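Letters A, B, ... mirror the listed sequences (proteins, then strands); counts begin at 1. FYI, side chains are in, hydrogens and waters are out, and symmetry mates aren't considered; it's all heavy atoms of this structure. Bear in mind that the values here come from a model prediction, so they are computed numbers and not experimental data.
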Amino acid sequence: MSLSLTNRHSWFEATARARINGLLDAGSFSEILPPAASQPSPHLAQLDLPGAFDDGVVIGYGRLEKKPIFVAAQEGQFMGGAVGEIHGAKIVGLLRRAVEEKPAAVLFLIDSGGVRLHEANAGLIAISEIMRAVLDARAAGVPVIALVGGSCGAFGGMGIVAKLCSAIIISEEGRLALSGPEVIETVAGVEEFDAKDRALVWRVTGGKHRYLMGDCAMLVDDDLAAFRSGATEFLAGWAEPAPSLASLRARQQVLKNRLAAYATYRDGLQVWAALGVAEPESVPLLDRDSLVALKEGLPT
Amino acid sequence: MSLKDILDRLFPAGHAVNVANSVITGQAQTAQGPVAVLGTTDAAAIDHAMALALADFILDTVEQHPGRPLVFLVDTCGQALSRSQELLCLNGSLAHLASCVDLARRQGHPSLSLVTANAVSGGFLSFGLMADQAYALADAQVRVMDLRAMARVTKIAHERLVELAATSPIFAPGAESYVRMGGIEAIWPTASAELLEAALLAARQAMPATDQRLGCGLNRGGRQLAAGIAQAVQHAGLGA
């Protein structure tokens, strides 16, 4: 799966539209509410801030290996991919449509810091609506797959949304958490979390850590084609289960065990050692394939 | 108002509620039968242990008391801000809690939440906003962030935000804004058994509960765009 760097098309650096084009079958994507049929946020205009006609999220439908797919892609380059009124409503509408039309999956390309503060109340309620709509789509049998590898990661309410999806496919560059390190540093102090220590930030929130811990189903290279083949492979082996008490009980037990074992740790290095990684300090240096092999060899 | 006062007023027929680590769990009597009472107090910063305690109680209720209503009491200043909490994927535990509330709904448990003091961002998302309907006491603080912090992060003058907050429910903190936006059903002047009974009855009658917040936000003039956009997306013609 590893590619030479020159053949890669970085997911991290790509725009939302470029990610969709690289992800779906060539030429299969059609946008719903394209910029020409949409309007920028009046709430940003009221604050004299520039808007975007797509309000920072591209939604539509297309095909993945010929299967019908719905897709929502957040644009991290616009307002940090944050969720405002229009942005959120587009995603909610798409997920509700998926309940009716039952595509093979909804691919959710998350690249967002969470709520757009300039529209804070609209953003928070929209994220709550997205949470319920994700669970409704899944209960209707439609898998919702989160793809995380953009510059804004999946933070705040969008971190919660990502974990409500059927699975998360993440790259090493992807980050997944609730509060951003900057927020923690501001409130709790630099001793608690030094947001400028990039290596530490990745050991706490980065794709490799989340994959080793089992919070993300797949780790892929930072490459459009790798996300495409990862999503294809995941969907081929996945049937969306009905929500059940048994599955949530099982999840509850996993989370309890993990909290009991690791609650005092403050660095990925400590968790990886406890997971059975012989040389935890080597983890940040491993390429994707070596890390996947390492995880598959860990005691369960 | 203390938690005990709130419980006494909501459940004059009796309640047996335990508080541990700021997490409320227990049972109470209403004219419509027993209800499960759960939530947080003391402006709790929700962490893994709290989220898992709430999730455990919901799963027990689903298993042992089919159909019993869930009454969430919300007092949270948001999520715990710490590196060790993030290391273990705090968003994952909050999502798990939200999934448990959602399962209860699907299994026929009506639910409502009452913001008793504070409801802030992630803590509010994980259970209060997952209930069929959310309500708030009149003096409750509901927000993503206060305006001073918002001014600092957005680099927009605090005076400008205060000025806009006076007319825009889109970002003005406060329960009243959330009512206009459709996120909170109504504000209660005080904790009252009558209002609770009426809300429980409404929740039962609305089953199976669907998410009506977009329409509410439109009808109340708070979110004038979202409902129309979601509709347009749902009904747009597919060309291919």
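Of the two parts of I156(B), only the side chain, counted from C-beta on, holds a non-hydrogen atom closer than 4.5 Å to a non-hydrogen atom of chain A. Of the atoms belonging to I91(A), not a single heavy atom falls under 4.5 Å from chain B. Heavy-atom distances place the side chain of R210(A), and not its backbone, under 4.5 Å from chain B. E100(A) does not touch chain B: none of its heavy atoms, backbone or side chain, sits under 4.5 Å away. Both the backbone and the side chain of M181(B) come within contact range of chain A, each with at least one heavy atom under 4.5 Å from a heavy atom of that chain. Heavy atoms closer than 4.5 Å to chain A are found nowhere in D47(B), neither backbone nor side chain.
Distance check: L248(A) CG to I58(B) CD1 gives 10.0 Å after rounding to the nearest 0.5 Å.
With respect to I184(A), the side chain to side chain contact (heavy atoms under 4.5 Å, CB included) criterion is satisfied by exactly one of R83(B), E86(B), Q85(B): E86(B).
Of all residues in residues 212-228 of chain B, those placing a non-hydrogen atom less than 4.5 angstrom from a non-hydrogen atom of chain A are R213(B), L214(B), R223(B), Q224(B), L225(B), A226(B). For residues 94-112 of chain B, a heavy-atom distance under 4.5 Å to chain A picks out L94(B), A95(B), H96(B), A98(B), S99(B), C100(B), D102(B), L103(B), R105(B), R106(B), given by residue number.
The stretch residues 149-164 of chain B participates, sequence neighbours left out, in these salt bridge (Lys or Arg N to Asp or Glu O under 4.0 Å) pairs: R160(B)-E163(B).
When each of V271(A), L47(A), I127(A) is checked for heavy-atom pairs under 4.5 Å with chain B, L47(A) comes out on top.
R249(A) has a carboxylate O that lies under 4.0 Å from a charged side-chain N of D60(B), or vice versa, which qualifies the two as a salt bridge.
Residues satisfying the salt bridge (Lys or Arg N to Asp or Glu O under 4.0 Å) test with E176(B), not counting sequence neighbours, are none.
Using a distance-only test at 3.5 Å, with no hydrogens or angles considered, a donor-acceptor pair links the side chain of H209(A) to the main chain of L87(B). In this structure a side-chain-to-backbone donor-acceptor pair under 3.5 Å is missing from E129(A) to D211(B).
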